[in-house]
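Quick one: the structure is below, questions incoming.
All values below were derived from every heavy atom in this structure, side-chain atoms included, with hydrogens, water molecules and symmetry-related copies excluded. Residue indices begin at 1 and follow the sequence shown.
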Amino acid sequence: MTLKSKKDVDFNSTKDPYAQREAEKYENPIPSRELILQFIEHAGKPLRREELAEAFTLETEDQLEALRRRLRAMERDGQLLFNRGKKYCLVNNEDLIAGRIIGHADGFGFIKPDDGSDDLFLSPREMNPLLHNDRALVRIAGVDKKGRREGAVVEILQRNTHHVVGRLYKEDGFTYVVPDNKNIAQTILVQKGGTGKAKQGQIVVAEIVEQPTKLRQPIGRIVEVMGEHMAPGMEIEMAIRSHELPNQWPDELLEAIKPLSKDVPESAKEGRVDLRATPLVTIDGEDARDFDDAVYCQKTPKGWKLLVAIADVSHYVQINSELDKEAQKRSTSVYFPEQVIPMLPEILSNGLCSLNPHVDRLCMVCELYIDEQGQVVRSRFFDAVMSSHARLTYNEVAAMLVDGDIARDGVYAESQPGAGSAQTLAEKYKAVLPHLQELYALYKVMRVSREQRGAMDFDTQETRIVFGAERKIEKIVPVVRNDAHKLIEEFMITANMAAARFLNSKKIPKLLRIHEGPSADKLLNLKTFIGELGLSLGGGDKPTPLDYMHLMESIKDRPDAHLIQTVLLRSMSQAVYSPELKGHFGLALEAYAHFTSPIRRYPDLLVHRAIRHCLQGKSVESFFYGVPDMVVLGEQCSAHERRADDATRDVVSWLKCEYMLDKVGEEFPGIISAVTSFGFFVELAEIYVEGLVHISNLAQDYFHFDATSHQLRGEHTGINYRLGDSVNVKVVRVDLDEKKMDFELAEKQVAMDTKPKKRRRKK
């Protein structure tokens with residue numbers, strides 16, 4: 001069949017609005033994704049690849065191969081469906097949903113739709129041919145008894161699990177690997193002769209040679225023996241392999257960065273604003289190794305001028321270079337306790353791109369003029385060369401600005417441990433201290449503006465693991481967040497907000513950080529919960545961030561404030577990357593982008609490229625990326641961010657379990673941190689580890705789970721266990737393989753809870 005495309009559908013296939021962009025991307029450009037989608041839609045029927053090639057007059061071998069790859073990529077990303085007739089058709093978003101698979105240890109799973117809609121539940125049967133992180137196309141099959149949309153798999157779009165790390169077992173003539181990643185419920189059956197030298201119980205890496213099907217589990221072969229599971233550092237190696245984190249630099253990349261030196265070449269500084277005399281400073285943690293942001297502030301007649309200088313990573317990481325390909329593949333740096341897997345090689349991340357003190361560095365600057373009410377009056381972006389005048393830490397800055405406030409008798413107070421006295425620090429940094437004081441004055445004004453806007457500021461507890469000899473944990477300590485942390489955070493948010501506003505005004509494809517408000521179901525549960533406590537949330541069906549913060553302000557003196565804050569936090573959606581202008585609920589902003597950390601986040605690098613494209617006066621159409629590209633990159637960066645979080649969480653959980661191995665049988669006070677139908681989790685006070693009190697280990701009673709009020713209710717005794725309650729527990733089991741701990745209520749706790757309930761029943 002010959003397709004008479006131009007006449008039949010009255011569509012001129014030669015007019016591609018993104019032709020200039022495609023020409024800059026490829027030596028032999030082909031039609032853009034946008035044009036292909038429009039063409040198939042106008043055709044009104046599925047089309048073969050040959051028909052599309054004929055319609056677009058693609059004849060050379062290179063053009064035909066490029067079209068094949070593009071169509072395959074569009075199929076993988078859920079934009080097209082390749083049907084049984086070997087034709088490409090549009091995905092009807094009302095009937096078919098593309099997304100990423102999230103597996104669960106109990107065999108079921110979910111699909112997280114690309115369009116940002118609510119997850120769909122996948123039964124164990126539907127999950128049989130899938131592995132965690134695969135991409136699939138599903139149809140809505142119905143609604144389960146819990147009211148969740150159920151999905152049925154139509155097609156598997158992309159396989160994303162190729163290697164699995166786990167323990168090797170040999171039983172009853174079978175050899176199999178139990179994955180360390182608990183999102184993978186299937187065991188990996190090792191093919192005959194595929195065990196190699198691996199022994200029972202060792203930690204191994206299995207390569208998937210046959211992906212799972214509806215009727216068969218995945219089949220693999222052992223490609224590496226990692227060793228025994230208690231070896232120092234093994235937890236990080238397992239996390240790297242389990243989550244398939246890229247951690248080796250390709251040979252092509254190493255070859256490409258050989259010409260780089262530790263100094264910025266003079267030619268790269270030409271044509272940039274010279275800020276080397278401006279006292280920009282970096283403010284980071286004591287253990288920071290890469291510095292991607294520096295700040296400076298000066299008073300103006302109408303307010304302040306704030307400079308936020310960010311490392312110019314986009315100058316070194318050119319589009320489609322070996323550096324770019326690897327950075328995109330990683331998408332983010334991964335921060336394990338005392339070990340980092342960087343997004344960029346060390347010569348860039350700790351060298352050329354890092355704003356180290358007293359050396360010339362390239363940067364992109366966001367210049368902001370802010371009035372005396374803390375409102376941004378105007379902003380602009382420009383390329384510059386700078387030299388940081390000081391490398392400061394949060395504790396040092398807090399010592400000088402907060403603890404060392406010279407309001408009384410000119411005497412400085414002692415600061416936090418490790419910071420030194422405020423007086424000594426003020427002398428050491430006297431050249432930049434006046435500018436730091438202006439930064440602090442501006443921060444305090446902007447803090448008021450932030451609160452009036454309704455931006456959320458929940459007081460969450462972060463911890464840090466302190467190691468001793470042979471990487472054994474000595475202690476787990478809370479991270480204290482002082483005003484210096486908040487100051488830098490506020491200025492970074494302001495620069496990010498300005499970046500989003502600038503790119504929106506240029507109408508260029510960009511990647512935004514979006515954070516939607518609570519879903520209808522979560523909002524209903526939240527209102528029911530706080531209603532039982534005599535509280536209410538304003539805003540009706542669409543509460544604003546300000547409504548949330550008004551509620552937080554009203555409960556700050558209540559003993560259950562921490563409990564209510566936890567429930568408020570859990571009603572929130574997860575922030576993701578997307579080109580859609582959906583705003584950032586938590587920060588109460590209409591648009592927000594990540595601009596300030598291009599050394600460690602790929603989305604920030606994309607934002608820098610978009611800003612530079614605009615600064616150079618180029619057309620939107622000629623930008624290397626289109627909206628479909630940003631959709632794909634947004635999903636990838638979001639998935640890789642979750643992958644990094646999951647890997648880090650696995651390592652921390654393993655380390656905490658190891659720390660608790662010698663504490664089995666001991667009793668500790670704790671707080672109920674989560675309640676489920678099978679029991680509740682308790683976080684131990686001052687140790688910051690979490691374990692499960694299973695429902696079977698509670699008092700002799702039937703307990704009913706109330707999801708709305710986050711509690712287990714005793715049917716006969718009247719004993720209730722609620723989120724936020726204080727309890728005393730005994731550590732009864734620590735499982736390193738599962739990274740879990742089991743607790744029991746201490747005997748004195750059971751007695752204390754039970755006696756008063758019995759007395760009331762006798763009345």
(Q) Can you see whether Tyr577 has Arg513 sitting over its ring - NZ or CZ less than 6.0 Å from the centre and within 45° of the normal? (A) yes
Q. Quick check: does any side chain N or O of Ser349 sit under 3.5 Å from a backbone N or O of Ile599, one acting as donor and the other as acceptor?
A. no
Q. Can you list the steps and then say if Asp646 with Arg649 is a salt bridge (Lys or Arg N to Asp or Glu O under 4.0 Å)?
A. CA-CA 5 Å; Asp646 290 344; Arg649 193 179 302 113; 2.8 Å; yes
Q.
Between His515 (side chain only) and Gly586 (backbone N and O only), is there a donor and an acceptor less than 3.5 Å apart?
A. yes
Q) For the side chain of Ser32 and the backbone of Leu35, is there at least one donor-acceptor N/O pair under 3.5 Å apart? A) yes
Q. Between His243 and Asp650, do the side chains contain an N or O donor and an N or O acceptor separated by less than 3.5 Å?
A. yes
Q. More than 12 heavy atoms of other residues, nucleotides or ligands under 6.0 Å from CD of Gln616: is that the case?
A. yes
Q. Relative to the ring of Phe502, is the ring of Phe381 parallel (under 30°), tilted (30 to 60°) or perpendicular (over 60°)?
A. tilted
Q) Where is the tightest heavy-atom contact between Ile188 and Gly220, given as atom of each residue plus distance? A) CG2-N, 3.7 Å
Q | Heavy atoms of other groups near Arg216 CZ, more than 12 under 6.0 Å | A | yes
(Q) Given 3.5 Å as the limit, does a donor-acceptor pair link the side chain of Glu635 with the main chain of Arg100, or not? (A) no
Q. Given side chains that start at C-beta, do those of Thr332 and Met343 come closer than 4.5 Å, heavy atoms only?
A. no
**Q.** Between Gln217 and Thr187, a side-chain donor and acceptor under 3.5 Å
**A.** yes
Q: Return the minimal non-hydrogen interatomic distance between Glu580 and Leu512, and the atom names on each side.
A: O-CD1, 3.6 Å
Q | Whether Arg501 side chain and Ala591 backbone form a donor-acceptor pair below 3.5 Å | A | no
Q) Would you find a donor on one side and an acceptor on the other, under 3.5 Å apart, between the side chain of His104 and the backbone of Asp106? A) yes
Q) Does any N or O in the side chain of Gln63 come within less than 3.5 Å of the main-chain N or O of Glu59, such that one atom is a donor and the other an acceptor? A) yes
Q) Can you tell if the side chain of Glu150 reaches within under 4.5 Å of the side chain of Glu126, non-hydrogen atoms only? A) no
(Q) Let me confirm one number: the CG-CD distance from Leu587 to Glu590, rounded to the nearest 0.5 Å. (A) 13.0 Å
Q) Is the number of heavy atoms from other residues, nucleotides or ligands under 6.0 Å of Lys522 NZ greater than 12? A) yes
Q. Given the rule in the salt bridge (Lys or Arg N to Asp or Glu O under 4.0 Å) test, do Arg241 and Glu224 qualify, once you have shown the distances and angles that lead to the verdict?
A. CA-CA 11 Å; Arg241 309 301 180 84; Glu224 184 180 350; 2.4 Å; yes
Q | Atom pair CZ (Phe585) and NZ (Lys542), whose distance is rounded to the nearest 0.5 Å | A | 11.5 Å
Q) Is the number of heavy atoms from other residues, nucleotides or ligands under 6.0 Å of Glu65 CD greater than 12? A) yes
Q.
Looking at Phe595, is its backbone amide N or carbonyl O close enough to the side chain of Asn496 to form a donor-acceptor pair, meaning the two atoms are under 3.5 Å apart?
A. yes
Q) Quick one: CZ on Arg49 to CG on Leu58, what's the gap to the nearest 0.5 Å? A) 11.5 Å
**Q.** Parallel, tilted or perpendicular, as decided by the 30° and 60° cut-offs, for the rings of Phe121 and Phe110
**A.** perpendicular
Q: Return the minimal non-hydrogen interatomic distance between Leu90 and Leu37, and the atom names on each side.
A: CD2-CD2, 3.7 Å
Q.
Can a donor-acceptor pair be found, under 3.5 Å and without considering hydrogens, that links the side chain of Lys582 to the backbone of Pro579?
A. no
Q. Between the side chains of Ser314 and His608, does any donor sit under 3.5 Å from an acceptor?
A. no
Q.
Return the CD to OG distance between Glu326 and Ser321, rounded to the nearest 0.5 Å.
A. 11.0 Å
Q: Go through Arg612 and Asp383 one step at a time and tell me if the salt bridge (Lys or Arg N to Asp or Glu O under 4.0 Å) criterion holds.
A: CA-CA 8 Å; Arg612 172 158 291 130; Asp383 293 326; 2.7 Å; yes
